[in-house]
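Quick notes on the structure that follows.
No hydrogens, no waters, no symmetry mates; every other heavy atom, side chains included, goes into these values.
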Amino acid sequence: MSSNSSSSMDYAEHERTYEGFINFSKIGTIAVLTIVITLAMFAFGGTAAVVFGWILTIANLVAIAAGMALGEKGWIPAAAVFVLAGLLALVTI
């Protein structure tokens, strides 16, 4: 026989975990796209593109850390670095 003593699901914790997963997915997707842009800068750009690529790679890491700390609006720093990377790639490649 089964016992009815099991605890019910903690919906608040479930929602918090789900929101964290969605936040991590947004930040991770934007970060990977930024890495793709910097790899293109490394491959097809000159010296300036390589320097800016390294700077953007470090800025991407900082934006990821800041985004994970900010919570729901954490995608904004990563998106700012992504836009900056796109603009610099257009100029240097």
Nearest non-hydrogen partners of [X] and [Y], listed with the distance:
X	Y	answer
V81	L56	CG1-O, 4.1 Å
A85	T34	CB-CG2, 4.1 Å
W75	N23	N-OD1, 4.3 Å

First locate atom [atom1] of [X], then atom [atom2] of [Y], and finally report the distance between them rounded to the nearest 0.5 Å.
X	Y	atom1	atom2	result
I22	I27	CD1	CD1	11.5 Å
T29	F82	OG1	CZ	11.0 Å
K26	E72	NZ	CD	6.5 Å
L39	F44	CG	CZ	10.0 Å

Inset, instruction - Begin from the C-alpha positions of N60 and T38 and carry the test side-chain contact (heavy atoms from CB on, under 4.5 Å) through to its verdict. - result: CA-CA 10 Å; N60 193 27; T38 57; over 6 Å; no
Inset, instruction - Begin with the C-alpha distance, continue with both residues' side-chain angles, and end with the deciding distance and a verdict on side-chain contact (heavy atoms from CB on, under 4.5 Å) for I76 and L70. - result: CA-CA 9 Å; I76 295 173; L70 287 176; over 6 Å; no
Can [Y] be reached from [X] by stepping across I, L, V, M, F, W or Y side chains whose heavy atoms are under 4.5 Å apart?
X	Y	result
I37	L88	yes
I58	F42	no
L33	F52	yes

Inset, instruction - Identify whether the distance between the nearest side-chain nitrogen and carboxylate oxygen of R16 and E13 falls below 4.0 Å. - result: yes
Legend entry - side-chain contact (heavy atoms from CB on, under 4.5 Å) assessment of T92 paired with M41: CA-CA 8 Å; T92 58; M41 291 172 72; 3.8 Å; yes
Legend entry - F24 CZ: over 12 foreign heavy atoms closer than 6.0 Å: no
